[in-house]
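These numbers were taken from a predicted model, which means no experiment stands behind them. So that the names make sense, note that chain A is the first sequence line, chain B the second, and so on, each numbered from 1.
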Amino acid sequence: MTEDLERWLADELGRGLGGLQPAPQSLDSITSRQAGRGRRVTVKAAALAAAAVLVSTGVVFAAGTALTGTPNPAAWGQQVSEHVETCKQQLPAGQHGIGSCVSSFARQHGESQRAQHSQSGSQSPGHGPSHKLGPGSITPSPRSTKGPQPKTPAR
Amino acid sequence: MEPTAYQPGSDADFERLCQDSYARVFRTLVATLGDRTAAEDCVQETFARAYKAWGRWSPDAPAEAWLHRIALNVATSYRRREHLRTLPQLLLRLGRPREEGFEAESRGELFEALRRLPPSQAQLIVLRYHHGYSNRELAAALGVPETTLGSRLGVARKALESELQRLGVVTDRPSRVVKGEE
């Protein structure tokens with residue numbers, strides 16, 4: 001291949017491809033796919049965490065409601081779901097991680113329930129250890145150390 | 001090409017790599033496939049595959065060369081799929097005038113000749129003569145020794161030259177561009 005041809009080749013390629021740009025949404029879809037993947041993982045983790053919270057609170061509330069007439073756990077589950085959505089919306093674009101946002105809400109809720117419960121003094125004595133787990137003992141976040149941890153379902 | 005520092009597996013660095021190399025890989029694919037829409041699809045596929053493998057990227061080879069290697073695999077698979085898909089249509093069109101289906105920027109004889117080459121050869125030509133890759137960088141991009149690369153590049157040049165001769169762009173001896181001299 002002569003220099004003449006090589007020069008022509010470079011010129012033609014430059015002319016044909018030089019100003020060529022991919023459609024703007026083409027790159028956007030990659031970066032959002034990339035961000036979305038991270039977000040999906042985080043949301044999945046948050047959903048699992050929320051499910052774990054719901055299971056533990058559901059179990060505790062089932063026992064607690066039967067004994068004390070405390071609020072419907074479904075309402076609490078609804079609140080958690082709504083708050084997960086709010087946390088996702090508050091997250092700046094391209095950033096992941098709603099765990100702390102969700103757990104702070106759960107902690108606040110746990111504390112308010114605990115306070116409410118200790119004021120009402122509705123926990124009745126004489127039941128098995130699992131029955132002592134009233135709403136005040138709900139600990140959605142492992143960081144919350146007050147009260148017993150409801151790790152096993154109430155018998 | 002200036003080597004840029006990227007951290008394998010870092011999302012921020014991958015985004016930077018996207019910004020730096022997306023258009024360049026896209027252009028390589030346009031020239032290799034001769035079709036802008038196909039290049040759009042393939043460049044997305046390339047970066048999606050690259051993102052999956054980003055944690056395993058070794059900084060020994062330039063990141064963009066690595067991307068081009070993935071792009072070549074994507075383009076080859078695309079060409080193969082496309083060939084199978086369009087074969088029945090080609091058979092139906094036998095003897096009829098060819099439809100204009102390509103974008104204006106890829107209608108020239110050079111791009112026609114590149115389209116007729118295997119994607120690996122077309123890509124070598126584009127990486128060398130458009131992106132200015134050295135033999136070492138090309139060898140890294142394709143994961144082959146430099147000597148192998150040298151001979152592959154020679155074969156690609158010869159194949160391109162013969163396609164250009166067939167299209168009447170160059171005379172057969174010596175290789176001279178006749179296009180534009182009329």
Do A:Leu20 and B:Arg36 have side chains that approach each other closer than 4.5 Å (heavy atoms only, starting at C-beta)? yes

Spell out, yes or no, whether B:Leu167 and B:Ile125 are grouped together once hydrophobic residues are joined by side-chain heavy atoms under 4.5 Å, including indirect joins. yes

Would you please test B:Arg27 and A:Leu13 for side chain to side chain contact (heavy atoms under 4.5 Å, CB included) and show each step? CA-CA 10 Å; B:Arg27 285 179 208 139; A:Leu13 283 169; over 6 Å; no

Steps toward side chain to side chain contact (heavy atoms under 4.5 Å, CB included) verdict (A:Glu6, B:Arg157): CA-CA 10 Å; A:Glu6 290 190 346; B:Arg157 280 179 187 142; 4.0 Å; yes

Taken in chain and number order and not counting sequence neighbours, the residues that satisfy salt bridge (charged side-chain N to carboxylate O under 4.0 Å, His left out) with B:Glu163 are B:Arg116, B:Arg166

Applying a strict 4.5 Å limit to non-hydrogen atoms, the region of B:Leu114 in contact with chain A is side chain

Taking B:Val144 as the starting point, is it possible to reach B:Val155 by hopping between hydrophobic residues whose side chains are less than 4.5 Å apart? no

Tell me, out of B:Leu110, B:Leu29, B:Thr28, who's got the most heavy-atom pairs with chain A below 4.5 Å. B:Leu110

Between A:Gln21 and B:Ala23, what is the shortest heavy-atom contact and its length? OE1-CB, 3.6 Å

So, using salt bridge (charged side-chain N to carboxylate O under 4.0 Å, His left out) as the criterion, who are the partners of B:Arg80 when residues are at least two apart? none

Heavy-atom pair of closest approach, residues B:His130 and A:Leu17: NE2-CB, 3.8 Å

